[in-house]
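Here's the structure we're looking at; comments come further down.
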Amino acid sequence: MVSIRVPKSQRAKRELLKHAPKLVETGKKTLILHGTKTSAVLNSVLSDIYHLKRDNAVKYTKKNDNIRPFESGGESSLEFFSLKTDCSLIVYGSHSKKRPNNLVLGRTYDHHIYDLVEVGVENYKSIESFVYDKKLAPKLGSKPFFAFIGEHFESVEELKHLKEVLLDLFRGEVVENLNLAGVDRIYVCTAISPTTVYMMHCALRLKRSGTSIPRMELVEVGPSMDLVVRRHRLPVESLKKEAMKTADHAKKMKNVTKDPVHGKLGKVYMPDQQVGKLVLSNDVKGLKRERREAKKNKEHSKKQKVNPE
């Protein structure tokens with residue numbers, strides 16, 4: 001039986017609170033791992049993915065022999081590393097004769113494998129191979145645009161799944177309001193065939209257009225590659241239903257407000273009481289004491305008259 005360790009310091013308690021479930025979750029972290037054997041192309045792919053997500057990613061360079069996605073018992077190490085690093089997105093690279101330049105993209109729920117997509121990398125061009133004005137390089141933490149071109153993203157199940165995983169992987173933290181100046185990149189994914197997607201990363205150059213909306217130009221900054229879907233595994237329906245649950249928001253109470261000083265305040269409707277028209281009875285509890293005192297005084301005065309000194 002595994003013993004439960006209780007935090008003994010305030011710092012440990014704060015760290016546990018960071019890992020605890022929240023009503024509005026923060027941005028997802030990405031874990032990048034190497035398999036038993038990797039090629040030079042795959043090493044460059046993993047380095048470029050880490051460069052694009054270095055503000056919210058963890059990269060392990062040590063080779064892992066026990067990780068075997070899509071196999072029973074081969075995913076326990078992935079779940080362990082996910083729990084250790086608090087990462088919910090996984091990128092795993094491996095290379096073999098049967099599956100060269102193999103890339104596995106996965107998501108976890110409660111640090112258990114949620115779904116997996118396996119793709120092969122072809123026609124790869126790294127970030128270093130592109131020549132452009134470095135002033136146009138996307139800034140760290142900026143929000144990207146996404147363009148998915150091709151009808152296969154709507155009709156083919158494998159590409160629909162790959163689209164969801166790519167959006168989760170590169171979109172960053174979900175925000176409600178967005179400044180146009182903070183959007184300086186775009187990921188363009190084109191469905192060449194039912195199993196192949198051409199993906200490229202471009203910077204956005206804003207130019208004057210004579211209107212309030214600027215004209216945009218795309219400058220390819222890399223990386224770019226062909227992703228050939230090999231295997232994929234959708235989440236179990238029960239797990240998907242549990243992962244899609246959202247917290248029930250409390251009903252808004254009418255005429256109730258919260259103040260930081262006074263706390264919870266409420267307004268109550270009181271109709272006109274019309275006090276001037278009320279009929280007052282003599283049977284009032286507040287007058288009983290006065291009646292008892294008057295009665296005692298009356299009896300006392302009678303006794304004085306009966307027994308004069």
Side-chain angles (χ1 to χ4, degrees), residues 25-33 40-61 85-93 101 103 105-107 117 119 121-150 153 159 162-192 197-209 211-227:
E25 294 289 344
T26 54
K28 297 180 180 180
K29 293 173 62 179
T30 304
L31 176 63
I32 300 174
L33 296 167
V41 172
L42 206 57
N43 288 336
S44 183
V45 171
L46 296 176
S47 297
D48 284 351
I49 293 176
Y50 177 72
H51 177 76
L52 295 174
K53 294 182 61 65
R54 61 189 183 276
D55 60 329
N56 213 5
V58 178
K59 183 183 178 184
Y60 286 168
T61 56
T85 58
D86 192 27
C87 294
S88 55
L89 297 170
I90 296 173
V91 179
Y92 172 76
N101 300 327
L103 199 66
L105 310 176
R107 296 181 289 182
V117 178
V119 295
V121 179
E122 298 178 358
N123 304 322
Y124 172 71
K125 292 182 181 179
S126 64
I127 296 176
E128 297 176 354
S129 62
F130 290 89
V131 180
Y132 58 93
D133 187 4
K134 298 303 179 183
K135 294 180 180 179
L136 298 176
K139 298 177 182 178
L140 186 65
S142 61
K143 296 292 290 182
F145 281 123
F146 287 91
F148 291 93
I149 304 170
F153 284 114
L159 295 193
L162 179 62
K163 176 183 176 181
E164 291 180 7
V165 176
L166 289 176
L167 279 172
D168 242 1
L169 182 62
F170 292 108
R171 70 178 178 178
E173 190 172 351
V174 179
V175 295
E176 295 182 358
N177 300 320
L178 191 63
N179 188 357
L180 187 61
V183 183
D184 57 359
R185 66 175 75 188
I186 181 172
Y187 293 97
V188 182
C189 301
T190 307
I192 301 174
V197 173
Y198 172 66
M199 178 181 175
M200 65 177 181
H201 177 224
C202 300
L204 292 177
R205 177 187 291 172
L206 303 180
K207 290 194 170 184
R208 295 179 180 177
S209 62
T211 62
S212 59
I213 302 175
R215 183 169 59 90
M216 292 186 179
E217 288 186 359
L218 302 185
V219 180
E220 193 169 359
V221 296
S224 67
M225 66 192 90
D226 289 340
L227 302 176

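Values below: every heavy atom of this structure, side chains too, minus hydrogens, waters and symmetry copies. What you are looking at is a predicted structure, and each value in this text was computed from that prediction instead of being measured.
Of all heavy-atom pairs spanning I127 and V221, the tightest one is CG2-O, 3.8 Å. Here the shortest heavy-atom pairing between C202 and L218 reads CB-CB, 4.2 Å. Here the closest non-hydrogen pair linking V197 and C189 is CG1-CB, 3.9 Å.
Judged as a ring-ring contact (aromatic ring centres under 6.0 Å, His included), and not counting sequence neighbours, the contacts of F148 are F153. For Y50, the ring-ring contact (aromatic ring centres under 6.0 Å, His included) test picks out no residue, with sequence neighbours left out. Under the rule for a side-chain contact (heavy atoms from CB on, under 4.5 Å), the partners of S224 that lie at least two apart in sequence or sit in another chain are K125, F130, Y198, M200, E220.
A donor-acceptor pair is defined here as one N or O able to donate and one able to accept, closer than 3.5 Å; such a pair exists between the side chain of Y124 and the backbone of S44. K143 contributes a side-chain N or O that, together with a main-chain N or O of R171, makes up a donor-acceptor pair within less than 3.5 Å.
Taking 4.5 Å as the limit, every side-chain heavy atom of D184 sits out of range of all side-chain heavy atoms of L206. Looking at heavy atoms from C-beta onward, S142 lies in side-chain contact with R185 at the 4.5 angstrom threshold.
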side-chain contact (heavy atoms from CB on, under 4.5 Å) evaluation trace for V91 with L169:
CA-CA 9 Å; V91 179; L169 182 62; 4.0 Å; yes

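Test I90, L166, L227, L89 against L105 for side-chain contact (heavy atoms from CB on, under 4.5 Å) and you get one pass: L166.
Atom NZ of K139 has 12 or fewer neighbouring heavy atoms from other residues, nucleotides or ligands inside a 6.0 Å radius.
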